[in-house]
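For reference, the structure discussed in these notes is given below.
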Amino acid sequence: MNVFRVAPPPRSPWHGRPARLVDVEPEAPGVATYRFDCGGPFHFAPGQFNMLHLPGIGAAAISISSAPDAATVGHTVRAVGNVTHALARLRPGAGVFLRGPWGKPWPLDALCDRDVVLVAGGVGLASLRSAIVAVGRRRGDFGRIRLLVGGRAPADLLYAREYPAWVRADIDIRTIVDRPAAGWPGPAGLVTDLLAGLDFDPRRTSLLCCGPEPMMRAVAAAGRARGLAATDIFLSLERNMACAAGLCGLCQFGPTFVCRDGPVFSHDRIAPFLAVRHL
Amino acid sequence: MSCSAAIGPPQWLAKPDFQAVIDALVAAGHRVVGPRVAAGAIVLDDVACVADLPAGWLDDQDGGSYRLRRDEAAGCFDHVVGPHSLKNFLFPAREPVATFIRDGAGWREQPLVPDPAPLAVLGVRGCDLAALAIQDAVFLRADVADSTYRGRRAGLFIVAVNCRRAAATCFCHSMQCGPAAGPGFDLAVTEIDDRFAIEAGTTKGAALLAAVATRATLTPCTPADTAAVRDVPQALGRWMHSRQAMPGAAAPRSLDTTDIRDLLFGNLEHPHWAAIADRCLACGNCTLVCPTCFCHSVEDVPDLSGDRATLERRWASCFTLDHAHMHGGGPRPTTASRYRQWLTHKLAGWIDQFGTSGCTGCGRCITWCPVGIDLTAEVAAIRAADARP
Ligand SMILES: Cc1cc2nc3c(=O)[nH]c(=O)nc-3n(C[C@H](O)[C@H](O)[C@H](O)COP(=O)(O)OP(=O)(O)OC[C@H]3O[C@@H](n4cnc5c(N)ncnc54)[C@H](O)[C@@H]3O)c2cc1C
Ligand code: SF4
Ligand code: SF4
Ligand code: FES
């Protein structure tokens with residue numbers, strides 16, 4: 001055992017690990033998973049994120065979607081702006097910096113023996129994917145696991161090719177879309193409709209949710225209405241970020257820094273602030 | 001209260017001999033900056049000699065107004081704070097925080113060029129020492145640190161001043177940040193008649209004082225002198241607490257900080273936010289002059305060849321619409337929501353984040369607001385109509 005603990009030197013928020021793009025897997029229109037090789041293991045906990053830095057272009061906060069022990073770091077990204085569009089133009093072999101991991105992860109250890117409802121909207125499933133894989137590996141530690149996925153159209157549902165493996169891990173998956181295409185076998189509507197139709201015991205269930213903020217508000221409200229404690233509901237918030245380390249101030253939400261105090265928050269911590277418009 | 005942050009008794013230094021302090025700092029390799037009159041205001045700029053200091057100048061400040069006037073009786077430091085603070089030097093409005101050069105298909109970090117000389121700042125007041133401690137709490141955490149700030153902060157030498165005059169915009173007494181210079185200074189001066197009482201607050205300051213002693217005469221203060229020196233800022237503090245106007249001096253402002261965090265977070269939907277927004281231009285001047293505001297964005301600036309990229313940090317303000325822009329729009333589209341962010345962050349959220357208020361009572365945001373919005377009055381208005389159940 002190490003008797004003398006030397007405090008690690010402070011981290012610089014602006015310097016990351018050099019990483020090379022290994023390959024790109026299209027997931028949905030405008031969305032792809034990018035796998036990066038950092039030349040060694042990259043330790044993180046599901047729910048944490050990196051600042052994906054393309055020098056000369058910019059940096060964006062992106063959840064780590066790969067399994068915690070995967071050889072490469074996976075990021076599933078929707079191209080919406082400066083960095084994410086430039087990323088979509090990168091070729092395998094290109095170099096980037098991964099600044100991270102940052103942020104509070106999903107509280108998986110606290111969910112032992114509990115039933116878990118995972119609720120994802122759109123690209124929000126990226127943040128939950130590494131949790132799903134991690135939970136699947138320790139499946140016996142948890143009770144029932146249900147995954148509710150909402151998307152705009154069937155083509156927007158991420159990771160559909162992995163559903164069979166998740167089902168084999170005894171994860172009950174339900175999907176819903178706003179705009180069903182011809183031949184869509186599932187229901188049409190919002191992910192809150194799936195939650196409304198789900199039976200669960202609020203005393204032994206925890207809910208993890210990641211998606212657009214209005215959807216997360218609705219899911220949290222529905223969960224509370226069904227008897228879930230605010231301390232058993234976890235949301236992963238999104239705000240603009242530059243440093244991811246509590247320095248730049250951009251990500252503030254009420255008294256919190258989303259980068260450092262979140263992005264995963266228990267609902268009791270943020271409910272009074274989530275209720276206020278334009279905070 | 002007679003506590004002092006000094007480590008030894010003060011000593012008298014004739015005013016012209018303050019040159020020895022400047023010279024000793026220069027000899028120790030410092031760039032020396034201090035208050036100077038420029039473009040109708042007292043700003044912080046390079047100081048080479050005692051005559052550069054604004055002796056004989058006073059600043060009249062009030063909501064939305066700043067005027068310099070001559071007063072032959074005024075000392076070198078009888079003006080109060082101008083638009084600049086230590087923030088302009090330790091956390092400048094624009095600066096590179098990292099550079100990268102292309103290396104094959106990837107990139108390699110390049111070390112930054114360090115500052116040529118460590119900084120010494122003259123005339124730092126209690127409120128600005130408090131602001132420095134507040135910015136330290138932001139930028140110098142044990143787990144994360146900004147290397148540019150850390151580097152400059154390590155070399156910083158502070159010559160503080162104990163105030164003997166306050167402007168109408170000052171309320172440091174309410175925030176417990178002044179008017180006496182609190183801990184954190186290397187040297188502090190108190191101006192009395194034609195002399196300075198000078199004292200060290202750190203061993204670095206004591207060493208500099210020893211260097212001053214080789215260039216000028218330092219005379220120890222008697223116990224009675226020391227008591228008189230200590231009473232200079234304390235007398236000012238008593239007057240500030242009394243809130244009485246005096247001939248030639250409007251009463252300073254004050255801010256009731258009782259329960260202020262819960263007062264503000266409990267009134268996020270108060271109608272007064274919209275009433276302020278009717279006057280607020282959302283120009284962001286308050287955040288620019290505030291010595292504690294730390295928000296910044298970081299832009300990647302490529303050079304023309306595209307082979308070199310600089311990460312450039314720029315001050316950001318919660319008053320701009322693109323502050324914290326996101327896909328689907330920024331979080332605070334209205335002026336009311338942006339003013340609310342500023343005030344609740346400064347006076348409430350900061351307490352959660354850093355265990356201290358983000359306001360030192362320096363009054364800059366009141367003076368430099370083009371329409372004279374006064375946070376002390378806005379908090380009082382919310383307190384008077386507290387809408388909490
Ligand atoms: C913790 C966290 C995890 C995240 N995880 C993921 C993830 O796994 N996958 C994913 O795809 N996304 C994720 N995001 C979201 C991602 O960080 C944002 O979409 C990010 O803005 C993309 O960066 P960009 O440079 O491509 O876009 P930007 O160029 O920043 O543009 C984003 C949006 O802002 C608008 N905009 C740009 N500049 C301005 C301006 N000056 N003023 C106003 N509007 C402007 C653009 O039009 C666009 O709509 C996450 C965010 C957070 C906080
Ligand atoms: S909020 Fe205003 S009075 Fe307070 S420290 Fe900032 S500029 Fe000074
Ligand atoms: S959020 Fe506004 S008030 Fe707070 S530090 Fe940033 S600019 Fe200043
Ligand atoms: S991203 Fe900079 S403080 Fe959170």
Side-chain angles (χ1 to χ4, degrees), chain A residues 7-16 18-21 51 53-59 78 80-84 90-97 102 212-214 238-258 260-261 272-273 275-279, chain B residues 97-98 100-109 138-147 150 261 265 268-269 293-303 306 308-311 313 316 318 323-328 330-334 336-338 340-341 344-345 348-353:
Chain A
R11 294 165 78 181
S12 161
W14 315 121
H15 296 93
R20 287 199 181 278
L21 180 60
M51 293 302 292
H53 178 208
L54 277 47
I57 296 180
R78 182 154 71 110
V80 295
N82 185 29
V83 174
T84 49
L90 288 188
R91 294 287 161 77
V96 304
F97 289 103
W102 296 108
E213 200 165 301
E238 177 182 342
R239 282 292 180 276
N240 187 308
M241 295 183 179
C243 71
L247 285 185
C248 77
L250 296 190
C251 69
Q252 289 183 79
F253 172 63
T256 73
F257 292 116
V258 171
R260 189 175 62 163
D261 304 317
F273 302 104
V276 178
R277 269 190 96 204
H278 299 161
L279 199 69
Chain B
V97 289
F100 303 93
I101 50 170
R102 207 181 272 283
D103 180 10
W107 295 83
R108 188 156 43 84
E109 285 170 27
V138 176
F139 288 113
L140 293 183
R141 297 205 321 266
D143 56 338
V144 172
D146 185 271
S147 55
R150 173 174 287 263
R261 179 202 178 273
F265 278 145
L268 292 171
E269 311 270 20
C293 268
F294 60 85
C295 278
H296 55 271
S297 61
V298 172
E299 312 278 329
D300 258 88
V301 186
D303 75 353
R308 183 193 194 38
T310 301
L311 275 192
R313 180 223 305 279
C318 55
H323 188 256
H325 74 266
M326 288 192 296
H327 189 58
R332 299 178 202 104
T334 63
S337 61
R338 281 176 256 155
R340 179 178 64 190
Q341 168 62 25
T344 56
H345 183 219
W350 219 292
I351 296 170
D352 294 55
Q353 294 168 354

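Protein chains get the first letters and strands the later ones, always in sequence-line order, with residue 1 at the start of each. Everything numeric here is computed off the predicted structure, so don't read it as measured data.
- For A:A275, the part lying under 4.5 angstrom from a heavy atom of chain B is the backbone only.
- Looking at residues two or more places apart in sequence or on another chain, you find a side chain to side chain contact (heavy atoms under 4.5 Å, CB included) between B:I101 and B:R108, B:Q110, B:R308.
- Counting only heavy atoms from C-beta outward, the side chains of A:L54 and B:W107 never approach each other to under 4.5 Å.
- Heavy-atom pairs under 4.5 Å with chain B were tallied for A:L247, A:V80, A:N82; the largest tally goes to A:L247.
- Scanning both residues, A:G58 and B:D300, for their nearest heavy atoms gives CA-OD1, 3.3 Å.
- Heavy atoms closer than 4.5 Å to chain B are found nowhere in A:E213, neither backbone nor side chain.
- Taking every heavy atom of both residues into account, A:G56 and B:A309 meet most closely at N-CB, 3.2 Å.
- Using a 4.5 Å heavy-atom threshold, the side chains of B:V298 and A:C243 count as separate.
- Neither the backbone nor the side chain of B:R338 comes within contact range of chain A; no heavy atoms are under 4.5 Å apart.
- Closest non-hydrogen pair, A:R239 versus B:P331, comes out as NE-CB, 4.3 Å.
- Side-chain contact between A:V276 and B:R340 is present, with at least one heavy-atom pair separated by less than 4.5 Å.
- Side-chain atoms of A:N240 and B:H323, non-hydrogen and from C-beta on, never get closer than 4.5 Å to each other.
- When the candidates A:R260, A:R11, A:M241 are compared by the number of heavy-atom contacts under 4.5 Å with chain B, A:R11 comes out ahead.
- Contact annotation for A:I57: only backbone heavy atoms (N, CA, C, O) come within less than 4.5 Å of a heavy atom of chain B.
- Using bins of under 30°, 30° to 60° and over 60° for the plane-to-plane angle, the ring pair A:F97/B:F100 lands in the tilted bin.
- Nearest heavy atom pair, residue A:G254 against residue B:F265, reads C-CZ, 4.2 Å.
- Of all heavy-atom pairs between B:A316 and A:L250, the closest is CB-CD2, 4.2 Å.
- Heavy-atom distances place the side chain of B:R313, and not its backbone, under 4.5 Å from chain A.
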Side chain to side chain contact (heavy atoms under 4.5 Å, CB included) assessment of A:D261 paired with B:Q353:
CA-CA 10 Å; A:D261 304 317; B:Q353 294 168 354; 5.5 Å; no
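- Chosen from B:S147, B:C318, B:P333, the residue pairing most often with chain A at heavy-atom distances under 4.5 Å is B:P333.
- From A:R277, atom CZ reaches atom CD of B:E269 across 9.5 Å, with rounding to the nearest 0.5 Å.
- By the side chain to side chain donor-acceptor pair (under 3.5 Å) test, B:D352 is found to be paired with B:R261, residues two or more places apart in sequence or in another chain being considered.
- When all heavy atoms of B:A105 and A:G93 are compared, the pair lying nearest together is CB-O, 3.4 Å.
- Taken from CG in B:L311 to NE2 in A:H15, the straight-line distance is 7.5 Å, to the nearest 0.5 Å.
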